[in-house]
Amino acid sequence: MTILNGQRVIAIEEHYYDPDVTAHFKGGDSKLGGRIKDDLYEVGAARVKSMDEAGIDVQVLSHGAPSTQKMDAETGVKVATAANDKLHQICQAFPDRLAGFAALPTADPKASADELERAVDKLGFKGAMVHGLTGGTKFIDQKEFWPIFERAQALDVPLYIHPGLPHEAVINAYLADYLDRFPAFANAGWGFTMETATAGIRIVLSGVLEKYPDVKIILGHLGETLPFLVWRIDMAINRPENNGVPFRDLFCRNFYITTSGFFSDPALLCCIQEMGVDHILFAIDYPFVPNAPGPKWMESLMLNADDKAKILHGNSERLLKM
Ligand code: GRE
Ligand code: ZN
């Protein structure tokens, strides 16, 4: 089935839209799907055909940003539960080809932990994906959200921290005057990166990884710049007058990264050198990124076959128990 000597290819940041979730999107969030909305809503045979053509065996599906992160607690619980049930049905139609990450109603952290457990135990999901700031303002490292990390550790499933649009004040101060001409400056062209890299750094600084040392965090987009920056952040955060934290050790121990939407040889080699190949997993970021170039890139990449196999499927099989 695949173009990589028949080996299994598992892609783990692959998005879809549920109309009962997107009905709640407002403002900039409702524009994120843009021209690819049809592909986001398509979760059946056409999606699997595109996977076949590209040589992708499995997509681990997650909703598109901001998923249920901007809903109030009551709405979020209702919508996330229904969306996860529907995603389970979607996966059941192609059980060898589609798997799921749960949506969590993060406005209610305790309900999120319970929904994560239900999604893993009852629906067979592989973990959960959280998209950016809860309510548009709160980073996920804040203590009220720690029950989610506690439950993820207990269930031994990863939390995938996916970008969302930056805080409105940040968009206005840093990005707004270019958005007419370059709307992607607020999302994949920088805003997403800045927002999610900040979330990743904050998770390490928060102490949640000392409290729950077996928590596994996944970042997409080759780690949202952090593998490149980890040495420098570690150095600065341990200067006099700082509390100090083994930043580089914690990041390289608890974090995993994916290739979603970032098919660059030098950037990937930097990630391998800093984090080790066991922490790098294959992803496309479909349909924001087309399927076909991903496996082709892996095929031509100057990397030994054993390490390619780890990235393409071995690490996902271990981390997501597939
Ligand atoms: C993504 O998931 O990477 C993404 C979005 C929305 C816009 C662009 C984009 O979720 O790359
Ligand atoms: Zn994505």
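Atoms within a ligand are numbered from 1 in the order they appear, just like the ligands themselves. Computation of the quantities below employed the complete heavy-atom set of this structure, encompassing side-chain atoms and omitting hydrogens, waters and symmetry-equivalent molecules.
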*If you draw a 6.0 Å radius around CG in N242, do more than 12 non-hydrogen atoms from other residues or ligands fall strictly inside?*
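Enclosed.
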
Among side-chain atoms of [X] and [Y], is any donor-acceptor pair under 3.5 angstrom?
X: N291; Y: E53; value: no
X: Q69; Y: T106; value: yes
X: Y41; Y: T22; value: yes
X: Y160; Y: T258; value: yes

What's the shortest distance from [atom] to any protein heavy atom, and which residue and atom give it?
atom: atom 9 (C) of ligand 1; answer: F288 CD2, 3.4 Å
atom: atom 2 (O) of ligand 1; answer: H162 NE2, 3.0 Å
atom: atom 3 (O) of ligand 1; answer: D285 OD2, 2.5 Å

*asked:* Less than 4.0 angstrom from a charged side-chain N to a carboxylate O is my criterion; do E117 and K122 meet it?
replied: no

*Check ion pair R47-E14 (N to O, under 4.0 angstrom)*: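 No salt bridge links R47 with E14.
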
*Pair D141-R202, salt bridge (charged side-chain N to carboxylate O under 4.0 Å, His left out): steps then yes or no*: CA-CA 6 Å; D141 61 281; R202 292 180 55 110; 2.8 Å; yes

*How does H15 reach ligand 1, if at all, at less than 4.0 Å between non-hydrogen atoms: by side chain, backbone, both, or neither?*
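Just the side chain.
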
Check each atom of ligand 1 against the heavy atoms of [X] and keep those under 4.0 Å away; list them by number with element.
X: F192; value: 4 (C), 5 (C), 6 (C), 9 (C), 10 (O)
X: H221; value: 3 (O)
X: A188; value: 11 (O)

*Which protein N, O or S atoms lie under 2.8 Å from the Zn ion (ligand 2), given by chain and residue number?*
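You should have found E13 OE2, H15 NE2, H162 NE2, D285 OD1.
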
*Start with the C-alpha distance between E74 and K78, add both sets of side-chain angles, then the distance that settles salt bridge (charged side-chain N to carboxylate O under 4.0 Å, His left out), and finish with yes or no.*
CA-CA 7 Å; E74 193 188 338; K78 215 168 46 197; 5.1 Å; no

